[in-house]
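As structure tokens, the structure follows; a few thoughts come after it.
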Amino acid sequence: MYALVDGNNFYVSCERVFRPSLQDRAVVVLSNNDGCAIARSNEAKALGIAMGAPWFQIRHLEESAGLVSLSANFTLYGDMSERMMSLVAGLGHRQEIYSIDESFVDLTGIAGDWGERARRVRERVLTWVGIPCCVGLGATKTLAKLANHIAKTAERKPGLYPAHLAQVCALGQLSVAEQRALFEATPVGEVWGVGRRIAQRLQAAGVHTVADFMRCEVSWVRANASVVLERTWRELHGMPCIDLDDVPNDKQQIACTRSFGQPVLTLGDLQAAVTTFTQRAAEKLRGQASRAGAVLCFVRTSPFRQQDRQYANSVVVPLVRPSADTPELVQAALVGLSRIHRPGYRYAKAGVMLLDLVPQSWQQHELDWGEAMPGDAQAAQVAQLERPRERLMAALDAINTRYGRGALTLAATQAGSAEQPWQMKQARRTPRYTTHWEELAQVRA
DNA sequence: TCTGGGGTCCTAGGACCC
DNA sequence: TCTGGGGTCCTAGGACCC
């Protein structure tokens with residue numbers, strides 16, 4: 001038995017904790033560069049604002065409907081998430097943190113009424129952290145997800161589902177007939193693992209609801225889709241196919257990509273941006289004690305500016321040996337950039353991805369390493385050469401941890417024009433209330 | 001004028017091997 | 001005139017998730 005706990009409109013809820021005046025108002029949180037709505041309060045959803053709606057298309061609602069928009073404050077959301085997750089962990093013995101606002105908990109070995117237990121944890125998160133959540137319980141992760149969707153929808157749009165399922169929905173505590181009624185009322189596209197494309201294909205074949213999908217022959221699912229969708233089908237029938245991932249593996253690739261605050265015209269500005277992105281990716285890389293075997297660099301113009309000449313390109317630069325050294329990775333990224341950069345375009349976005357990651361502890365020997373020497377001596381020599389650089393990187397990370405990200409950076413991040421047009425825009429970011437001394441919430445007597 | 005960022009997994013097809 | 005069978009590895013692209 002699994003529970004899925006999901007924060008409601010998570011980013012908006014985080015903001016409301018520190019600004020109660022946002023309660024009951026239409027609020028959106030915007031993506032980087034204040035580009036699109038990536039979180040919406042229920043009131044904002046009721047205004048018809050879609051997920052991902054561009055801000056410039058909805059900003060008229062500021063005037064006409066009192067819409068409030070905020071720049072994303074990921075530092076705050078990450079910290080609030082940790083607080084919420086630590087409470088949710090108390091639901092069972094094993095927890096998988098699935099995303100910033102969602103967590104699966106394995107209820108195996110937990111006695112008593114699971115629905116009641118879920119209600120208590122939900123209440124505790126609301127009281128101690130201030131975040132409202134919904135909980136779904138089911139025999140598999142896919143069923144828990146579906147139950148969570150029902151719990152959320154029953155709360156937000158009364159009428160579609162029975163009212164007593166709002167906030168907490170435990171499928172296992174319902175009769176077969178009640179469950180079937182829920183499945184008949186739920187579009188197949190709401191199922192975890194059924195995206196837009198597959199939903200379209202299913203609908204074309206006459207499969208509209210979860211119940212329709214469950215009635216399909218599994219062999220038909222396999223033949224007409226893939227083994228992935230077959231697993232989804234089995235999970236809906238109560239056969240667990242997707243394990244709880246409570247000890248996540250190291251990332252297989254690490255990316256840092258950004259849209260620019262303004263169009264970038266010069267190579268110098270692109271170099272500063274790519275250096276900054278690589279530096280950030282390298283921090284993440286060392287954070288999981290890995291090295292990268294290759295660096296991918298890409299640039300592109302804005303596909304939305306049809307009047308501009310378009311250009312997009314990427315290149316993978318392999319490294320001689322895996323590295324977690326910021327200057328080495330930056331050098332590779334800049335070599336890549338010089339290969340794909342073409343003058344005369346209005347660049348809108350660039351990015352760096354670190355690929356072929358291996359654990360730091362791996363030691364790759366080389367056939368042509370100087371004179372022949374026994375393997376151990378060779379390894380020792382490589383280690384000796386690398387140690388000062390590793391210590392330098394460790395010092396860099398320690399300083400940036402202590403004094404804040406960006407306290408110590410490569411000089412190359414300052415290349416290009418002084419205005420740094422690639423820096424992102426964040427016009428309305430709220431204070432980092434819980435993680436920065438200067439930005440703590442103040443109480444006035 | 002203004003349109004996010006960061007991941008994972010699966011499959012098909014080509015190159016190559018014996 | 002005739003041209004096997006079985007396998008691995010890699011990559012690109014497509015699907016999904018939040």
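Residue numbering restarts at 1 for every chain, and letters A, B, ... go by the order of the sequence lines.
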Hey, which sits more toward the 5' end of DNA chain B by its nearest nucleotide, Gln307(A) or Asn32(A)?
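Final value for this comparison: Gln307(A).
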May I ask you to say what [X] touches in the nucleic acid, namely base, sugar-phosphate or nothing, with a heavy-atom cut-off under 4.0 Å?
| X | result |
| --- | --- |
| Asp101(A) | sugar-phosphate |
| Val191(A) | sugar-phosphate |
| Ile100(A) | nothing |

Encoded 5' to 3' (Watson-Crick or G-U under 3.5 Å; [ ] crossing; | other strand), DNA chain B becomes ....||||||||||||||
Separation of [N] [atom2] from [X] [atom1] (nearest whole Å):
| X | N | atom1 | atom2 | result |
| --- | --- | --- | --- | --- |
| Leu355(A) | dG6(B) | CG | P | 14 Å |
| Glu230(A) | dC9(B) | CD | P | 18 Å |
| His60(A) | dC2(B) | NE2 | C1' | 15 Å |
| Leu146(A) | dC17(C) | CG | C1' | 16 Å |

Which word best sums up how the rings of Phe104(A) and Tyr98(A) line up, parallel for under 30°, tilted for 30 to 60°, or perpendicular for over 60°?
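Answer is perpendicular, since the angle exceeds 60°.
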Once the angle between the rings of His237(A) and Trp233(A) is folded into 0 to 90°, is it parallel (under 30°), tilted (30 to 60°) or perpendicular (over 60°)?
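Tilted.
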Ignoring backbone atoms, establish whether [X] has a side-chain N or O less than 4.0 Å from OP1 or OP2 of [N].
| X | N | value |
| --- | --- | --- |
| Arg231(A) | dC10(B) | yes |
| Lys145(A) | dC18(C) | yes |
| Arg305(A) | dC2(B) | yes |
| Lys349(A) | dT3(B) | no |

Kindly state whether the ring of Phe183(A) and the ring of Phe213(A) have centres lying under 6.0 angstrom apart.
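When the ring centroids of Phe183(A) and Phe213(A) are compared, they turn out to be at least 6.0 Å apart.
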Ring centers of Trp192(A), Tyr2(A) separated by less than 6.0 Å
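No, the ring of Trp192(A) stays outside the 6.0 Å limit from the ring of Tyr2(A), centre to centre.
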For DNA chain B, find the residues of residues 242-278 of chain A with a heavy-atom distance under 4.0 Å and give them by number; none if there aren't any.
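Contacts with DNA chain B under 4.0 Å: Lys251(A), Gln252(A), Gln253(A), Ile254(A), Ala255(A), Cys256(A), Thr257(A), Arg258(A), Ser259(A).
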Distance, C1' atom - from dG4(B) to dC17(C), rounded to whole angstrom
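So the two C1' atoms sit 15 Å from each other.
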Between the side chains of Thr108(A) and Asp106(A), is a donor N or O closer than 3.5 angstrom to an acceptor N or O?
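Asp106(A) and Thr108(A) do have a side-chain donor-acceptor pair below 3.5 Å.
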If you measure only the distance, is there a donor-acceptor pair under 3.5 Å linking the side chains of Asn9(A) and Lys45(A)?
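On atom types as modelled, these side chains qualify, holding a pair under 3.5 Å.
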